[in-house]
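Note that these values count all heavy atoms, side chains included, but never hydrogens, waters or copies made by symmetry. Labels below follow one simple rule: chain letters A, B, ... track the order of the sequence lines, proteins then strands, and each chain is numbered from 1.
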Amino acid sequence: MDTNPNEVNELIKRRFEELKELNEKGVETYAYSFDVDSYSEDIKQNYKEEEKRNVKIAGRIMAIRRMGKASFAHIMDDKGRIQIYLRKDEIGDQYAAFKLMDIGDIVGVEGYVFKTKTGEISVHVSSLKLLSKSLLPLPIAKEATDEQGNKVIYDQFVDKELRYRQRYVDLIVNPDVKEIFKKRSRIITAMRKYLDEQGYLEVETPILQPLYGGAAARPFITHHNSLDIDLYLRIADELYLKRLIVGGFNGVYEISKDFRNEGMDRSHNPEFTMMELYVPYKDYEWMMNFVELLITKIASEVFGTLEFVYESSQINFKSPWKRISFVEAIEDKTGINVITCSDDEMKGLAKNLGIDLGAAKGRAKLIDEIFSETVEPGLIQPTFVIDYPLLLSPLAKRHRSKEGVVERFETYVAGREICNAFSELNDPVDQRKRFEEQVKLKEAGDEEAHQVDEDFLRAIQYGMPPTAGLGIGIDRLVMLFTNQSSIRDVILFPQMKPEA
RNA sequence: GGGCGCGUAGCUCAGUGGUAGAGCAUCUGCCUUUUAAGCAGAGGGUCGGUGGUUCGAGACCACCCGCGCUCACCA
């Protein structure tokens, strides 16, 4: 929408006229500051009948009820809404200015707290100051309370496209949205606090990387002009964080954006937030306990409970969480051992499951898909799936006693993976071999296979201590804790196609 | 990328080939404890875009744009 008053609709034109009229009356329309000393919800909670407490509040006008020489309005601040009451005989010129104000305008108000006849705690205004004139009409909803005392919202702003494109409007008119993002912030704060308390160091590693690695994904490519080289936006932090373990830090973590150049849907955004943690002298057994502690800590600290509802599932994070073997779980469902079976047996199984056997699908990919089809949907309560096939995990350490698998686990909740962890591969000879296998896959057409990172190999040849590593997808964790089914509802500005 | 669905006033939505509608929002008048305030009146549209069919298209057809769901891919 344009802010040129000559080319816009009646509602907007009207507001430009009001702006002009206010200026002509000498009313400041874009103020410099306002001393706030109280917030809506606090005022309501601390209300005492006898004291006519004076307060200064500021916020956006969300509703106006004019009754001639007196008016009511609702003001919304960061904590909620509160009603204000204005009388012409008390505020004179300011009442005339108020007539030129609209829903959406931001005002500062001074007055005393009282309760109306109908029992609503309100502010009786002694002074009203316009802080910012709003020139575009908000898609404001009306709220009412029905006979059962439930809140009813009329004409709620629900257009997903507009909500995502104009998140600022979504945040103004849909209070639940604001709540989700406050929770997201608290979840990350609680996580960071716990990691810091354990003595792990928060670090920053390159987003622009000459080689990408640490995950199986297609990267975004960009170009550095003065070096005249292509660089990749990182798909994971892993290989840099492990270099820091070589460097001798006693545990490092990073909370940051990763970028993967793949399809978008309700669980994938091209940029997303990941927490990765590496702790020396530990293994995946230790890390499982750590994850359990970390998640339950966040749940109880932010939400005060270990019980959640996600979509139609009741989730309970109470320890201990179930542990199942990746290979045995598939065998239980299908009777086939994906490590020892022949390629033909596996293809037969995949076909029976309706898995597309197209193009360059290697054994590793098929195993992964068979798992997704047969086991994953049943993992509702928090479950560690342990000991993954070696083929699926080129950066994880071989299992100390089992053939063909690595010491790796993923944690599933509500049928979704929320984290991935392993005993890190610190044998440089084996690591080189694994990279070389990836190169073969890449040559066979697997676009997501790893590149050989010679500098990483050099680093671990100096010697990397045994290390446990962990990655948690923050967006998906937030989805789970806030019961959102689309990643776009936990990312403030999700990726969209450009507006027409 | 494939399949299905959607796009009409600022918002939420009706409108199945014959004069573009409702509620809220907006504007005018009345109204000094209202609360989806009320009463009386008024204004507001490139029906996502471009072509086509038809005497006549918001509606039917084709293509395009955007969004949602879903499948494929992935975390």
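- Checked by distance alone, Thr118(A) brings no side-chain donor or acceptor within 3.5 Å of a matching partner on the base of U33(B).
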Verdict with supporting geometry, Tyr212(A) and Phe220(A), ring pair (Phe, Tyr, Trp, His ring centres under 6.0 Å): CA-CA 10 Å; Tyr212(A) 59 93; Phe220(A) 284 93; over 10 Å; no

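- Contacts of Asp265(A) with the nucleic acid, taken as non-hydrogen atoms under 4.0 Å apart, include base atoms.
- Geometrically, Arg184(A) does not engage Phe481(A) in a cation-pi contact defined by less than 6.0 Å to the ring centre and at most 45° from the axis.
- Applying the 3.5 Å distance criterion, the base of U35(B) shares a donor-acceptor pair with the side chain of Glu120(A).
- Residue ring and base: Tyr154(A) counts as stacked with A36(B) (centre distance below 5.5 Å, interplanar angle below 30°).
- Ile84(A) places its CD1 atom 16 Å from the P atom of U33(B), with the value rounded to the nearest Å.
- Taking atom C1' in both C47(B) and G7(B), the straight-line distance is 10 Å, to the nearest Å.
- Among the nucleotides C73(B), C11(B), U33(B), the one closest to the side chain of Asp155(A) is C11(B).
- Rounding to the nearest 0.5 Å places CD1 of Ile324(A) at 6.0 Å from NZ of Lys322(A).
- Residue ring and nucleobase are not stacked for Phe72(A) and A37(B) under a centre distance beneath 5.5 angstrom and an angle between planes beneath 30°.
- Rounded to an integer number of Å, the gap from CZ of Arg15(A) to P of A25(B) is 13 Å.
- Counting distance only, with no hydrogens placed and no angle test, the side-chain atoms of Glu161(A) and the base atoms of G66(B) include no donor-acceptor pair under 3.5 Å.
- For the pair Glu424(A) and Lys242(A), the salt-bridge criterion is met [side-chain N within less than 4.0 Å of a carboxylate O].
- Taking atom CZ on Arg87(A) and atom P on U34(B), their separation rounds to 12 Å, with Å as the unit.
- Protein atom CG of Asn9(A) is 8 Å distant from nucleotide atom P of G45(B), rounded to whole Å.
- For Arg165(A) and G48(B), the CZ to P distance is 17 Å, given to the nearest whole Å.
- For the P atoms, the distance linking G49(B) with U8(B) amounts to 10 Å, nearest Å.
- Counting to the nearest Å, the C1' atom of U35(B) and the NZ atom of Lys44(A) are 12 Å from each other.
- Two residues, Phe114(A) and Val158(A), neighbour RNA chain B, and the one matched to the more 5' nucleotide by heavy-atom proximity is Val158(A).
- OP1 or OP2 of G68(B) sits under 4.0 Å from a side-chain N or O of Arg488(A).
- The NZ atom of Lys160(A) sits 11 Å away from the C1' atom of C67(B) (whole-angstrom rounding).
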Test ring pair (Phe, Tyr, Trp, His ring centres under 6.0 Å) applied to Tyr253(A) and Tyr278(A), step by step: CA-CA 6 Å; Tyr253(A) 73 95; Tyr278(A) 294 85; over 10 Å; no

